[in-house]
Amino acid sequence: MDSQQTRALTASTVAFTVCFAVWTIFSIIGLQIKQELGLSETEFGLLVGTPILTGSLIRLALGIWTDQYGGRLTFAAVMLSAAVATLLLTTVDTYVMYLAAALGVGIAGGSFAVGIAYVSRWYPKERQGFALGIFGLGNVGAAVTKFCAPFVMVALGWHAVAQIWALVLIAMAAVFWFTTEDDPVLRARLLAGKPPEPFIRQLEPLKNLQVWRFSLYYFFVFGAFVALALWLPRYLVGAYGFDVKTAGMVAALYSIPASLFRAFGGWLSDKVGARMVMYWTFSVSAVCTFLLSYPPTEYVVHGAHGDINFSLAMGPAAFMAVLIVLGVFMSLGKAAVYKHIPVYYPNNVGAVGGVVGMIGGLGGFLLPLTFGMLLDLTGLWSSCFMLLFVLVTGALAWMHFAILRMQHRVAPELARTSRDLPELAHPSPLLLTEWNPEDQTFWEKSGEKIARRNLWISIPALLLAFAVWMVWSVVVTNLPNVGFKYSTNELFWLTALPGLSGATLRIFYSFMVPIFGGRRWTAMSTASLLIPSVWIGYAVQNPDTPYLLMLVLALLCGLGGGNFASSMANISFFFPQAKKGTALGLNAGLGNLGVSTVQFVVPLVITAGVFGGLGGEPQTWLKDGVSKAMWLQNAGFVWVPFIVAATLAAWFGMNDIASAKASFKEQAVIFKRRHNWLMCWLYTGTFGSFIGYSAGLPMLTKTLFPEVNPTQYAFLGPLVGA
């Protein structure tokens, strides 16, 4: 058994190293592609971050597949798939095709979820922290790329880098397949003839807020690590004037210790506890990011004997010293986060580890892109560390208050299962264990009051969802005014895509309330609206924002469209049959007012600096020879405070109903019912017309009647419909 453990751990670590080297390949070859295509900072950030997006989103599925089919098969398949995509990278020559190939390259990043689930099954709990820390050494693959790829690229060109890295990946897949065995848990299940646990059942632990708190930790310790590993060569070239070879080698000085100390972090988590390691990680990281955030500044002090001039600026040596310290503690934190998972969720390591890894990996995608956007907007290289400082202090505060709450709730309740934070061992008071609205006595005594409270919190949350869903219907009419050179066809696509993604998400959102609980899902789905709202606010300030990124933001607005299905499903559980029609009519009708609201409010808020200096500088445009100022970013930013308020109201004011539980399989019976499909057809004509015309009429009016301002009238139709 020991030799099998050693082989599994060694092969997994080496394979993950190779995968990580491929996953971060654009941090080096992307510099040459940037020059060849003349990309902006934002376009470069999107190119570098695209593989990280794929590698992040696929982690949840790969983690579950590893639990179901074993790490040996899944790991080999991941490496071969990524190798094919890396070879195809050398056959394309346009920016869009580079992005498409980069999506395939990103499959290599999903290997982390596979390895975590595979390795953890070979070791007992008291050794899992160290074993997973050893596996995490594969992060050094980023340093391998930083150190080796620049020399290969200078000597042979970037195509050679991609080809060599792909061939190594293929060779590693063969070595892994022939040197490893199926894990003991899989072998025992196969011998017993038991089927794998259903995919949907493995998602059950994701209803715990604790999982998402761990995900935020990993968003910083891993996501920020990957983001800096990708962004650092560009940072060093721009901020300190290094050439690409020097920048690659210096960046490797950050990546190597930030990877090697992960094994020590696993051992330390076994010895002193993962929570203590997380405290050290966040505290030191907050200090480091604060120091790195300070931009080079010149000061003039008017003294008694004349002016005194001095400057504050961090030189390259001091910068790298602080950055290496930051990387080391990030590495300790990465091990500590994953020490928690097999302890709390021993039977769902793949699913929980997959979602934590997915959120962490998304940090590696979102942060480089945001770094580029912040640099374009502020002109400050240190703006990336300002963002990380806010992120780490938020994570530290959440962790600290969660632990304080745990300390206040000890003793007999300790053995009881928590609905919100399992380690706090306290059931949520917002869980309704008895709910029978059809009982007239129960309804009149307490049921009606609770149901109406949930309804009146649900309505504004749904209104905001519709507002974010339809925000592009107003934004697109103003994009040409502030310098965006999009064709009419491209503008109509931006208007249409939220409808496509929103409609698709409704299929999945319909099933979420019985699985996660209405309160939880309403709060989470409402909070998700912050993603497109904030990003739109930044993206519309720069006319050079790639059209592809705008399409992504349009698709993300579909999160608002999906909310309708889960909101209606949730409210239906609270009311008796005789009152469902009125309740759902109020929820849907007043929620639909979000369409009219966005088309009425946005034209007003973009004409003034509502957020002052925090909202950014206005854009200027000419109309009839008169220069006008416009704050188009307010179209996204204006919803942020209301979304935060609605999220908090849902989390602290709504209820989950214990009896409102059903698996995906139990709910999927509707797909076999003819009346369901007839209702879908009718709804296409009714609601489909309402939302389609509401989204398209402002742009259509502007196209057909250029002299008319469509925003003065567009809101009237949705208002009547709602």
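Values below: every heavy atom of this structure, side chains too, minus hydrogens, waters and symmetry copies.
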Asker: How close do W469 and G558 get, heavy atom to heavy atom, and via which atoms?
Answerer: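 Heavy-atom minimum between the residues: CD1-CA, 3.9 Å.
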Asker: Show the nearest heavy-atom pair for residues C384 and Y235, with the distance to one decimal.
Answerer: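 Shortest heavy-atom separation between C384 and Y235 comes out as SG-CE1, 3.9 Å.
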Asker: According to side chain to side chain donor-acceptor pair (under 3.5 Å), does anything in residues 552-568 pair up with another residue at least two apart or in another chain? List the pairs.
Answerer: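 For residues 552-568, and leaving out neighbouring residues, the side chain to side chain donor-acceptor pair (under 3.5 Å) pairs sorted by first residue read S458-S567, W521-S566, S567-N587.
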Asker: Check whether any side-chain N or O of N634 sits under 3.5 Å from a backbone N or O of V602 as a donor-acceptor pair, and report yes or no.
Answerer: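 Flag not set: sc N634 to bb V602 has no pair under 3.5 Å.
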Asker: Using the side chain to side chain donor-acceptor pair (under 3.5 Å) rule, collect all pairs that involve residues 676-691, keeping only residues at least two apart or in two chains.
Answerer: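 Qualifying pairs, neighbours excluded: none.
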Asker: Are more than 12 heavy atoms from other residues, nucleotides or ligands located less than 6.0 Å from atom OH of Y547?
Answerer: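 Yes - once you tally the heavy atoms of other residues, nucleotides and ligands closer than 6.0 Å, there are more than 12.
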Asker: Taking the six-membered ring for Trp, are F20 and F225 parallel (under 30°), tilted (30 to 60°) or perpendicular (over 60°)?
Answerer: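 The rings of F20 and F225 sit tilted, inter-plane angle from 30° to 60°.
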Asker: In Å, rounded to the nearest 0.5 Å, how long is the span from OG of S501 to CG of L551?
Answerer: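 Nearest 0.5 Å value for the OG-CG distance: 11.0 Å.
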Asker: Do L559 and P532 come within less than 4.5 Å of each other through their side chains, counting heavy atoms only?
Answerer: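 L559 vs P532: side chains touch.
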Asker: Would you tell me whether W23 and S111 have side-chain atoms, one donor and one acceptor, within less than 3.5 Å of each other?
Answerer: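 Short answer, no.
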Asker: Can a donor-acceptor pair be found, under 3.5 Å and without considering hydrogens, that links the side chain of W472 to the backbone of V468?
Answerer: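 Not a single qualifying donor-acceptor pair exists.
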Asker: Can you name the residues that form a side-chain contact (heavy atoms from CB on, under 4.5 Å) with T488, not counting sequence neighbours?
Answerer: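 For T488, the residues satisfying side-chain contact (heavy atoms from CB on, under 4.5 Å) (neighbours in sequence not counted) are F492, M699, T703.
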Asker: Run T597 and L463 through side-chain contact (heavy atoms from CB on, under 4.5 Å) and show every step you take.
Answerer: CA-CA 8 Å; T597 300; L463 185 147; 4.2 Å; yes
Asker: Start with the C-alpha distance between I107 and T54, add both sets of side-chain angles, then the distance that settles side-chain contact (heavy atoms from CB on, under 4.5 Å), and finish with yes or no.
Answerer: CA-CA 6 Å; I107 295 173; T54 312; 4.2 Å; yes
Asker: I'd like to know if the side chain of T50 reaches the main chain of A102, judged simply by a donor and an acceptor atom lying under 3.5 Å from each other, with no hydrogens or angles considered.
Answerer: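 Not at all, since once roles are kept as given, no pair shorter than 3.5 Å links the two residues.
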Asker: Minimum heavy-atom separation for T526 to A461, with atom names?
Answerer: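 That closest heavy-atom pairing would be OG1-CB, 3.7 Å.
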Asker: List the steps, then state whether side-chain contact (heavy atoms from CB on, under 4.5 Å) holds for V638 with I606.
Answerer: CA-CA 9 Å; V638 70; I606 64 177; over 6 Å; no
Asker: For V84, which residues count as a side-chain contact (heavy atoms from CB on, under 4.5 Å) partner, sequence neighbours excluded?
Answerer: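 V84: side-chain contact (heavy atoms from CB on, under 4.5 Å) contacts with L88.
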Asker: Within the structure provided, determine whether P718 and Q599 are in side-chain contact (heavy-atom separation under 4.5 Å).
Answerer: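 Result yes, sub-4.5 Å side-chain heavy-atom pair found.
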Asker: Report yes if some heavy atom in the side chain of L89 is under 4.5 Å from a heavy atom in the side chain of Y98; otherwise report no.
Answerer: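 In short, these two side chains touch, coming nearer than 4.5 Å.
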Asker: Counting neighbours of CZ on F600 that are heavy atoms of other residues, nucleotides or ligands and sit closer than 6.0 Å, is the number greater than 12?
Answerer: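 Counting neighbours around CZ of F600, 12 or fewer heavy atoms of other residues, nucleotides or ligands fall under 6.0 Å, so no.
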Asker: Could you tell me if the side chain of V601 sits less than 4.5 Å from the side chain of V605, heavy atoms only?
Answerer: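 Touching, per the 4.5 Å side-chain cut-off.
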Asker: Has the side chain of T495 got a donor or acceptor atom that lies under 3.5 Å from a matching backbone atom of L491?
Answerer: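 Looks like yes, one N/O pair under 3.5 Å.
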Asker: What's the spacing between N478 CG and Q619 CD if we round to 0.5 Å?
Answerer: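 Answer rounded to 0.5 Å: 9.5 Å.
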Asker: Where do I33 and F26 come nearest, in terms of heavy atoms and distance?
Answerer: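 Answer, listing the atom of I33 first, then F26: CD1-CE2, 4.0 Å.
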Asker: Could you walk me through whether F371 and L228 satisfy the side-chain contact (heavy atoms from CB on, under 4.5 Å) test, starting with their C-alpha distance in whole Å, then the side-chain angles of each, then the deciding distance to 0.1 Å, before giving a yes or no?
Answerer: CA-CA 9 Å; F371 291 167; L228 288 175; 4.2 Å; yes
Asker: Calculate, to the nearest 0.5 Å, the distance between atoms OG1 and CD1 belonging to T647 and I457 respectively.
Answerer: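 It is 11.5 Å, given to the nearest 0.5 Å.
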Asker: Checking side chain to side chain contact (heavy atoms under 4.5 Å, CB included) against L497, which of L556, L555, V552 comes through?
Answerer: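 Single side chain to side chain contact (heavy atoms under 4.5 Å, CB included) partner of L497 among L556, L555, V552: L555.
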Asker: Donor-acceptor pair, S382 side chain versus F385 backbone, under 3.5 Å?
Answerer: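 Not a single qualifying donor-acceptor pair exists.
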Asker: For the residue pair F112 and L62, establish whether any side-chain heavy-atom pair is separated by less than 4.5 Å.
Answerer: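 They are not in contact (no side-chain heavy atoms under 4.5 Å apart), so the answer is no.
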Asker: With a 3.5 Å cut-off and sequence neighbours excluded, list the donor-acceptor pairs that the side chains of residues 534-541 form with protein atoms.
Answerer:
{"unit_1": "Q541", "atom_1": "NE2", "unit_2": "G537", "atom_2": "O", "d": "2.8"}

Asker: Could you measure the distance from the NZ atom of K34 to the CG atom of L39? Nearest 0.5 Å is fine.
Answerer: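 The distance works out to 7.0 Å.
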Asker: What heavy-atom pair brings Q163 and L87 nearest, and what distance separates the two atoms?
Answerer: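 Between these two residues, the closest heavy atoms are CA-CD2, 4.1 Å.
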Asker: Once you round to the nearest 0.5 Å, how far does OG1 of T545 lie from CG of L553?
Answerer: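 CG of L553 is found 8.5 Å from OG1 of T545.
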Asker: So do the side chains of L388 and L367 get within less than 4.5 Å of each other, counting heavy atoms only?
Answerer: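 When only atoms from C-beta onward are counted, L367 and L388 do touch, with a gap below 4.5 Å.
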Asker: Nearest 0.5 angstrom please: L103 CG to L99 CG, how far?
Answerer: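 Taking CG in L103 and CG in L99, the distance rounds to 7.0 Å.
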Asker: For Q32, which residues count as a side-chain hydrogen bond (donor to acceptor under 3.5 Å, both in side chains) partner, sequence neighbours excluded?
Answerer: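 Per chain and number, Q32 pairs via side-chain hydrogen bond (donor to acceptor under 3.5 Å, both in side chains) with no residue.
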Asker: Ignoring hydrogens, what is the shortest heavy-atom contact between A588 and F564? Give both atom names and the distance.
Answerer: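 Heavy-atom minimum between the residues: CB-CE1, 3.7 Å.
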Asker: Return yes if some donor-acceptor pair links the side-chain N/O of R59 with the main-chain N/O of G109 below 3.5 Å, else return no.
Answerer: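 Yes; at least one donor-acceptor contact below 3.5 Å.
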